[in-house]
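First comes the structure, then the notes that go with it.
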Amino acid sequence: MIALVDCNNFYASCERVFQPQYIGRPVVVLSNNDGCVIARSNEAKALGVEMGALAHEMEPFFQKNGVAVFSSNYTLYGDMSSRVMHTLQSFAPEVEIYSIDEAFLDLTTFKHYNLMEYTTEIKETVHQYTGIPVGIGVGASKSLAKAANKYAKKVHKDKGVYVIDNEEKREEVLRWLPLGDIWGIGRRNQSYFGVQHGVNSAWEFSKLSDEFVRQKMGVVGVRLLKELNGIPCIDMETIRPSKQNICTSRSFPKNIESKEIIEQAVGTFITRCGEKLRMDKTCAGVITVFLYTNRFRTDMRQHHGSLSVKIPIPTNHTPELMHYGMRAFEEIFKNGYLYKKAGVIVQDIVPQDQVQGALFQKIDRTKQTKLMDLLDSINGSMGQDKVRYAVSGYGREWRLRMEKLSNCYTTNWNEILKIKLR
DNA sequence: TCTGGGGTCCTAGGACCC
DNA sequence: TCTGGGGTCCTAGGACCC
């Protein structure tokens with residue numbers, strides 16, 4: 001049996017842990033640049049606040065209805081996530097961290113337990129240890145665990161836990177689960193099977209033939225079909241494979257024309273990519289830089305520049321990444337456009353101890369590695385970009401708008417929670 | 001005024017091999 | 001008359017996830 005543990009309204013819940021006055025009140029969290037709504041508490045959902053609603057349009061509504069509004073605080077959410085995951089790891093031998101707020105637990109060894117009781121204990125413990133409410137679904141496959149989790153949250157709200165441990169319960173959940181809410185059915189397939197072929201529920205989908213599903217969805221669909229019918233086809237991935245791509249990109253809070261400022265942004269993104277590579281102990285063999293004008297402003301001249309540059313010997317040293325990345329930047333930057341977004345992707349990633357050298361070039365990177373280690377340790381303890389590359393500059397123009405940022409209560413001594421005693 | 005960021009997997013088709 | 005058969009690798013694009 002597999003359990004899926006999913007944090008309820010995760011970002012909103014994180015904010016509430018340290019500002020409990022918002023428990024029971026509507027809370028929303030905004031995207032980068034405070035652009036649109038990306039997370040809502042149940043109270044906010046009940047008020048009809050939509051996912052993706054534009055923040056500036058909603059402002060009067062938020063005021064009127066007493067909705068608490070936060071900028072995204074990924075430092076806080078990331079740390080809260082690792083607390084939740086650590087807690088879960090004490091309940092199962094195999095835990096797959098699936099996303100910032102979700103994990104699969106292999107409960108095979110607990111099959112003789114009362115799983116309702118056991119998962120309820122997990123839920124209560126996570127809440128006690130971290131302050132984060134979770135919902136748990138259990139089933140014979142990952143897809144069934146996902147379905148059970150949805151069912152637990154919507155239908156068995158009081159318990160927040162649901163276990164599919166027999167055929168009747170499987171049918172009950174699948175009959176309830178709308179087609180589009182199946183894990184792996186996105187907009188396209190929902191429209192194909194739902195609108196064109198009259199399939200409305202997961203139950204009806206599960207009765208389709210392999211061939212019919214394969215035609216539209218390939219093997220992915222057939223796997224899903226089997227999973228819903230209780231035959232697990234998607235394995236647990238407890239060891240996180242190293243990433244195949246790493247991307248750092250941002251939209252700017254306003255349109256930017258200046259080459260110098262965009263160069264500062266790109267320089268910073270390259271630095272971030274280097275840090276991420278070194279954190280993963282990997283090196284990249286290709287670096288891509290891209291620049292976009294505002295695609296929503298159809299009245300303005302558009303330019304989508306993107307260029308990939310091969311790095312002769314895969315690296316994770318920032319100066320080298322900077323060299324090739326900036327070469328790409330020089331190629332794609334065009335004067336006279338208003339840029340809205342830029343980013344850097346590193347690809348062809350290999351473990352840093354398996355880097356293929358060049359035939360006629362001896363590689364000795366001891367010095368650079370020492371330098372990078374030192375830089376990472378300084379910036380790690382003193383704060384990001386404390387020591388920075390000159391090209392990154394000090395410009396603020398491109399930096400995220402975060403007007404409603406909460407404190408980093410768990411990662412910064414200066415922002416730790418203060419309690420007054422009377 | 002404004003509309004996020006970061007990933008994975010699969011497939012088809014082209015280019016190439018013997 | 002009748003055009004072999006069986007592979008791999010790479011890339012772009014589509015679909016999906018949170």
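Lettering of chains follows the sequences in order, A, B, ..., and the numbering in each one begins at 1. Below, all heavy atoms of this structure are taken into account, side chains as well, without hydrogens, waters or symmetry copies.
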**Q.** Whole-Å gap separating P (C:dC18) and NZ (A:Lys153)
**A.** 11 Å
Q) Starting at CD of A:Gln347 and ending at P of B:dG7, how long is that distance when rounded to a whole Å? A) 11 Å
Q | Sugar-phosphate only, base, or nothing, as touched by A:Ile182 at under 4.0 Å among non-hydrogen atoms | A | sugar-phosphate
Q) Between atom OH in A:Tyr74 and atom C1' in C:dC18, what is the gap in whole Å? A) 10 Å
**Q.** Nucleotide of C:dA15, B:dG5, B:dC10 approaching A:Val220 most closely (side-chain heavy atoms)
**A.** B:dC10
Q: In whole angstrom, give the distance that lies between atom CD1 of A:Ile38 and atom P of C:dC18.
A: 15 Å
**Q.** A:Ser251 side-chain proximity, nearest of C:dC18, B:dG5, B:dT11
**A.** B:dG5
Q: Output yes when A:Asp6 and A:Lys150 qualify as a salt bridge under the 4.0 Å nitrogen-oxygen rule, no when they do not.
A: no
Q. Looking at the side chain of A:Lys146, which of B:dG7, C:dC18, B:dT11 is the nearest nucleotide?
A. C:dC18
Q.
Show, in sequence, the C-alpha distance, side-chain angles and deciding distance for A:Glu96 and A:Arg240, and conclude whether the salt bridge (charged side-chain N to carboxylate O under 4.0 Å, His left out) test is met.
A. CA-CA 8 Å; A:Glu96 174 184 340; A:Arg240 189 79 79 111; over 6 Å; no
(Q) So that I know where these two stand, are A:Phe91 and A:Phe110 an aromatic pair - ring centroids less than 6.0 Å apart? (A) no
Q: Provide the distance between the two P atoms, one in B:dT3 and one in C:dC18, to the nearest whole Å.
A: 24 Å
Q. Can you tell me how far C1' of B:dC9 sits from CG of A:Asn189, to the nearest Å?
A. 14 Å
**Q.** Listed nucleotide nearest any side-chain atom of A:Tyr98, set B:dT3, C:dC17, B:dG5
**A.** C:dC17
Q: Measure the acute angle between the ring planes of A:Tyr11 and A:Tyr77, then classify it against the limits of 30° and 60° as parallel, tilted or perpendicular.
A: parallel
Can I get a per-line list of side-chain donor-acceptor pairs under 3.5 Å for residues 126-140 of chain A, giving both atom names and the distance, sequence neighbours left out?
{"residue": "A:Thr130", "atom": "OG1", "partner": "A:Val126", "partner atom": "O", "Å": "2.7"}
{"residue": "A:Thr130", "atom": "OG1", "partner": "A:Ile132", "partner atom": "N", "Å": "3.1"}

Q) Contact class for A:Ile246 vs. all strands (heavy atom < 4.0 Å): base, sugar-phosphate, or nothing? A) sugar-phosphate
Q) Among the nucleotides B:dG5, B:dT8, C:dC16, which one has an atom lying closest to any side-chain atom of A:Gln244? A) B:dT8
Q. Which of the following nucleotides, B:dT3, C:dC17, C:dA15, is nearest to the side chain of A:Asn33?
A. B:dT3
Q. What nucleotide among B:dT8, B:dT3, C:dA15 has an atom nearest to a side-chain atom of A:Asn245?
A. B:dT8
Q: Give the rounded distance in Å between these two atoms: CD1 of A:Ile349 and P of B:dG7.
A: 8 Å
Q. Less than 6.0 Å separating the ring centroids of A:Tyr192 and A:His197?
A. yes
Q. Which residues in residues 289-304 of chain A have at least one heavy atom lying under 4.0 Å from any atom of DNA chain B?
A. A:Asn294, A:Phe296
Q) Has the side chain of A:Ser72 got a donor or acceptor atom that lies under 3.5 Å from a matching backbone atom of A:Tyr74? A) no
**Q.** Distance, rounded to the nearest Å, where A:Leu4 contributes CG and C:dC18 contributes C1'
**A.** 12 Å
**Q.** Residue A:Cys36, side-chain atoms from C-beta onward, closest of B:dG7, B:dT3, C:dA15
**A.** B:dT3
Q) Mapping A:Arg223 and A:Asn32 to their closest nucleotides on DNA chain B, which lands nearer the 5' end? A) A:Asn32
Q.
Which residue is it: A:His323, A:Arg278, A:Arg272, A:Glu275? I am looking for the one with a side chain to side chain donor-acceptor pair (under 3.5 Å) to A:Thr318.
A. A:Arg278
Q) Rounded to the nearest Å, what distance is computed from the CZ atom of residue A:Arg187 to the C1' atom of nucleotide C:dG14? A) 12 Å
